[in-house]
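Hydrogens, waters and symmetry mates are skipped; everything else that's a heavy atom, side chains included, is used.
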Amino acid sequence: MLLISLLPAAGAAGQAADARAITTPDTDSGNHVGDVSAAGPAQIGRPHPTLELDVIDGSLVNEARLAGHPFVVDFFATWCEPCHRALADLKAARAEAPATADLTIVLVDLSESPQVVSRWAARASLPPQAIVTLDRAGVAARRWGAHRLPTTFLVDATGVVRHINRGWGPGYRARLSRWLLDLAPGGRSAQTR
């Protein structure tokens with residue numbers, strides 16, 4: 001498994017090298033990040049870690065804003081090509097799961113300026129109900145255990161992490177489609193509450 005730093009690479013050459021390094025898919029939907037403390041990284045079957053981020057429009061996304069609804073937290077960077085592919089797959093999977101109408105997608109950009117992220121968001125084809133946020137110091141990424149880009153977490157309406165996907169590759173869209181259906185009312189995650 002290839003891991004990337006949460007800090008931005010130095011210069012365009014470093015960014016391209018990091019983008020290539022994270023194309024190796026990680027189909028592990030389980031958690032393998034070590035310490036199992038209450039304040040540790042996200043773990044399947046456990047309540048999600050604290051989430052409080054600045055939105056590019058100047059507002060704030062936090063647990064109160066998301067309470068009672070399923071949501072996706074996707075860590076990405078604008079320079080990360082696999083992240084762009086994952087976002088396209090996430091958008092397509094979201095369209096295939098209309099039963100999750102109240103699903104919010106929180107896109108968390110790592111370590112880039114608000115201006116860069118805002119310009120990217122204005123041009124990007126974002127999924128419905130997507131909120132683009134900033135994690136300039138990588139605090140949320142460390143808190144959630146996002147050690148590679150992209151990393152996608154699916155959280156049910158009760159705030160429990162149901163699925164984690166690290167990286168992007170073949171099968172990503174199919175997994176997301178299936179997992180989003182799990183989050184829908186009457187889905188498997190609703191039945192295990």
(request) Apply side chain to side chain contact (heavy atoms under 4.5 Å, CB included) to L60 and L53, showing your working. (result) CA-CA 6 Å; L60 181 71; L53 295 161; 5.7 Å; no
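- Residues R136 and S111 have side chains not in contact (no heavy-atom distance under 4.5 Å, counting atoms from C-beta outward).
- With sequence neighbours excluded, the residues forming a side-chain hydrogen bond (donor to acceptor under 3.5 Å, both in side chains) with T152 are D74, Y172, listed by chain and number.
- Inter-residue side-chain proximity for T50 and R143 is flagged as met; some heavy-atom pair is nearer than 4.5 Å.
- Atom OG1 of T151 is separated from atom CZ of R166 by 6.0 Å, given to the nearest 0.5 angstrom.
- D89 places a side-chain heavy atom less than 4.5 Å from the side chain of W168.
- Evaluation of the side-chain hydrogen bond (donor to acceptor under 3.5 Å, both in side chains) rule for D135 yields no partner, not counting sequence neighbours.
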(message) Set out, in order, the CA-CA distance, both residues' side-chain angles and the distance that settles side chain to side chain contact (heavy atoms under 4.5 Å, CB included) for V132 and D57, then state yes or no.
(response) CA-CA 8 Å; V132 181; D57 67 8; over 6 Å; no
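- Distance check, rounded to the nearest 0.5 Å: CG of D54 to CG of N62 gives 10.5 Å.
- No side-chain donor-acceptor contact under 3.5 Å links T133 to the backbone of V55.
- Considering only heavy atoms from C-beta on, V61 stays 4.5 Å or farther from T104 through its side chain.
- Proximity of L154 to L183: side-chain heavy atoms (C-beta onward) are separated by under 4.5 Å at one or more points.
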(request) Take I44 and I164 through the test side chain to side chain contact (heavy atoms under 4.5 Å, CB included) and record every step on the way to the result. (result) CA-CA 7 Å; I44 293 172; I164 301 171; 4.0 Å; yes
(request) Could you check L87 against F76 for side chain to side chain contact (heavy atoms under 4.5 Å, CB included), going step by step and ending with a plain yes or no? (result) CA-CA 9 Å; L87 181 60; F76 80 102; over 6 Å; no
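- Partners of H69 by ring-ring contact (aromatic ring centres under 6.0 Å, His included), not counting sequence neighbours: none found.
- Considering only heavy atoms from C-beta on, P150 comes within 4.5 Å of P82 through its side chain.
- Qualifying side-chain hydrogen bond (donor to acceptor under 3.5 Å, both in side chains) partners for R65, counting only residues two or more places apart in sequence or in other chains: S59.
- For residues 47-66, the set of pairs meeting the ring pair (Phe, Tyr, Trp, His ring centres under 6.0 Å) definition, not counting sequence neighbours, comprises H48-F71, H48-W144.
- By the 4.5 Å heavy-atom criterion applied to side chains, L103 and I105 are counted as neighbours.
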Donor-acceptor pairs are to be reported for all side-chain atoms of residues 118-128 against protein atoms at under 3.5 Å, with residues two or more places apart or in another chain.
from, atom 1, to, atom 2, distance (Å)
S118, OG, P114, O, 2.9
R123, NH1, R119, O, 3.3
S125, OG, K91, NZ, 2.2

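- Judged as a salt bridge (Lys or Arg N to Asp or Glu O under 4.0 Å), and not counting sequence neighbours, the contacts of E96 are R173.
- At least one side-chain heavy atom of R175 sits under 4.5 Å from a side-chain heavy atom of N165.
- With sequence neighbours excluded, the residues forming a side-chain contact (heavy atoms from CB on, under 4.5 Å) with A77 are W79, C80, D109, E112, L149, listed by chain and number.
- Between the R94 side chain and the L176 main chain, no donor and acceptor come within less than 3.5 Å of each other.
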